[in-house]
Protein chains: 2
Amino acid sequence: MAIFQKLATGPMAVHELAGTLPVSRPAVSQHLRVLKDAGLVSDSKRGTRRVYRVNPAGIALLRAHFDRFWAQALNAFEVSVEPHTTDTKREKYVTDRRRSSRK
Amino acid sequence: MAIFQKLATGPMAVHELAGTLPVSRPAVSQHLRVLKDAGLVSDSKRGTRRVYRVNPAGIALLRAHFDRFWAQALNAFEVSVEPHTTDTKREKYVTDRRRSSRK
DNA sequence: TTTATCCGTAAGCTATAGCTTACGGATAGT
DNA sequence: ACTATCCGTAAGCTATAGCTTACGGATAAA
């Protein structure tokens, strides 16, 4: 996130990015890789440097995803406001016992 | 997140939530606590049950936060498009050595 | 061709997010 | 009063996200 924020101030090379952050350059590289895989940033070679910039298309996609999320959440609240006889009966005795195992 | 999604389908008691998810009830309780601390859900006692529902105010806040984030990111791209003589000089020799320590 | 710079990747370590089990308190039914 | 249900919290464990160090390959400058 912090890396992404920095990139949002303009395209930067890896070592510049690392210079402004409290982590090593390889750490930054690793983060950039996942951001790139997620389509949120793009890169281009520039001499020995590799310049990264935010990718508007990826951002738009993620944003859309979130927007649907908010809509769903708020809509759910709307519905729940209607009186809606929540008549949940007591059920027949189940204590903490788990049903799915997880080694 | 999964918990929040479930809650978005309507208010629910803790044990109901846990019933639909692959984790134990206490785990759900713990998640609900952080969601509540974050102001994203609210709760109300209902007999021995505690019913949780999404909190529109908290959601709106988070949403606004994200919206500023997107705006910033996209705006940054706009700027970077202008030719902008990126004339970064080579600097004077710094290899990987870290400068901030972290025990 | 040698040396400095910039990078990515792999291996190894560590802090911790997120789980489970265990317990006790509170309410409702009998 | 006793018992079943529903819940929160604490303690302990484990998988893993995210770091560092170490290395080698590529470009640029000399």
Side-chain angles (χ1 to χ4, degrees), chain A residues 1-7 10-53 55 86-103, chain B residues 1-7 10-53 55 86-103:
Chain A
M1 280 278 289
I3 289 183
F4 194 77
Q5 292 253 24
K6 278 288 175 187
L7 261 196
M12 285 181 95
V14 178
H15 79 286
E16 289 179 289
L17 231 23
T20 69
L21 295 168
V23 297
S24 70
R25 185 192 50 73
V28 173
S29 266
Q30 287 161 16
H31 278 274
L32 286 172
R33 177 162 41 148
V34 329
L35 287 174
K36 187 178 171 187
D37 287 350
L40 291 175
V41 304
S42 62
D43 61 337
S44 55
K45 287 190 66 168
R46 192 75 174 162
T48 115
R49 308 186 173 180
R50 188 160 285 270
V51 177
Y52 285 84
R53 69 198 68 239
N55 177 11
T86 308
D87 197 13
T88 324
K89 290 289 187 214
R90 260 218 179 185
E91 263 137 34
K92 202 61 189 114
Y93 223 100
V94 256
T95 325
D96 267 352
R97 298 275 160 265
R98 300 301 336 297
R99 58 224 139 311
S100 95
S101 58
R102 169 185 282 257
K103 189 188 55 190
Chain B
M1 283 275 290
I3 289 181
F4 193 77
Q5 292 253 22
K6 278 289 176 188
L7 262 196
M12 285 181 94
V14 178
H15 78 285
E16 288 179 290
L17 230 24
T20 67
L21 295 168
V23 297
S24 69
R25 185 191 51 74
V28 173
S29 267
Q30 288 159 15
H31 279 273
L32 287 171
R33 174 158 46 145
V34 329
L35 286 174
K36 187 179 171 185
D37 288 349
L40 290 175
V41 305
S42 64
D43 60 338
S44 55
K45 287 189 66 168
R46 192 75 175 162
T48 113
R49 309 185 172 180
R50 187 161 285 269
V51 178
Y52 285 85
R53 69 197 68 235
N55 176 11
T86 309
D87 198 11
T88 325
K89 292 286 188 215
R90 254 214 184 188
E91 263 139 35
K92 201 68 189 104
Y93 223 99
V94 256
T95 326
D96 266 351
R97 297 274 160 268
R98 299 300 338 294
R99 61 224 137 309
S100 96
S101 58
R102 168 185 282 255
K103 189 188 54 188

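Order of the sequence lines fixes the chain letters, A, B, ..., with proteins taken first and strands second; residue numbering starts at 1 for each chain.
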J.: Give the minimum heavy-atom separation between A:Pro11 and A:Val51, together with the two atoms involved.
T.: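 Closest approach of A:Pro11 to A:Val51, heavy atoms only: CB-CG1, 3.8 Å.
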J.: Within less than 4.0 Å of OP1 or OP2 of D:dC6, is there a side-chain N or O belonging to B:Tyr52?
T.: no
J.: Is there a side-chain polar atom (N or O) of A:His31 under 4.0 Å from OP1 or OP2 of D:dG18?
T.: no
J.: Looking at the side chain of B:Val14, which of D:dC6, D:dG8, C:dT9 is the nearest nucleotide?
T.: D:dG8
J.: CE/B:Met1 to NZ/B:Lys6 distance, rounded to the nearest 0.5 angstrom?
T.: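 With rounding to 0.5 Å, CE (B:Met1) is 14.0 Å from NZ (B:Lys6).
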J.: Got a second to check how far A:Leu7's CG is from A:Leu17's CG, nearest 0.5 Å?
T.: 5.0 Å
J.: What residues form a side-chain contact (heavy atoms from CB on, under 4.5 Å) with A:Ala38, not counting sequence neighbours?
T.: A:Leu40
J.: Out of D:dA28, D:dC7, C:dT21, which nucleotide sits closest to the side chain of B:Arg25?
T.: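 The answer is D:dC7.
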J.: Can you tell me if B:Ser24 touches the phosphate of C:dT20, counting only side-chain N or O atoms and a distance under 4.0 Å to OP1 or OP2?
T.: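 Yes, within the criterion.
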J.: In whole Å, what is the span from the CG atom of B:Leu35 to the C1' atom of C:dG18?
T.: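 So the two atoms are 13 Å apart, to the nearest Å.
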J.: Specify the separation, in whole Å, of atom CE of A:Met1 and atom C1' of D:dA17.
T.: 16 Å
J.: Output every pair passing side-chain hydrogen bond (donor to acceptor under 3.5 Å, both in side chains) with a member in residues 31-43 of chain B, not counting sequence neighbours, ordered by first then second residue.
T.: B:Lys36-B:Asp43, B:Asp43-B:Arg50
J.: Considering only D:dT9, D:dC7, D:dC19, which nucleotide approaches the side chain of B:Gln30 most closely?
T.: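 Looking only at side-chain atoms, B:Gln30 lies closest to D:dT9.
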J.: Got a second to check how far B:Gln5's CD is from B:Thr20's OG1, nearest 0.5 Å?
T.: 11.5 Å
J.: Checking contacts here: which listed nucleotide (D:dG8, C:dC6, D:dC19) is nearest the side-chain heavy atoms of A:Val23?
T.: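 Ranking D:dG8, C:dC6, D:dC19 by closest atom to the A:Val23 side chain puts D:dC19 first.
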J.: Just how far, in rounded Å, is C1' of D:dT20 from CG of A:Leu21?
T.: 16 Å
J.: If you round to the nearest 0.5 Å, how far is NE2 of B:His15 from CZ of B:Arg49?
T.: 4.5 Å
J.: Whole-Å distance between D:dC19 P and A:Leu17 CG?
T.: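 Checked: the CG to P distance equals 12 Å.
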J.: Counting only side-chain nitrogens and oxygens, does A:Lys45 get under 4.0 Å of the OP1 or OP2 atom of D:dA26?
T.: no
J.: Contact list please: residues 36-43 of chain A against DNA chain C, heavy atoms, distance less than 4.0 Å, in numerical order.
T.: none
J.: Rounded to whole Å, how long is the line connecting atom NE2 of A:His15 with atom P of C:dC6?
T.: 4 Å
J.: Report the distance from atom CZ of B:Arg33 to atom P of D:dC7, rounded to the nearest whole Å.
T.: 16 Å
J.: Think A:Arg49 has a side-chain N or O under 4.0 angstrom from the OP1 or OP2 of C:dC6?
T.: yes
J.: Could you tell me the Watson-Crick or G-U partner of D:dC23, where both distances fall under 3.5 Å? Say none if there is no partner.
T.: C:dG8
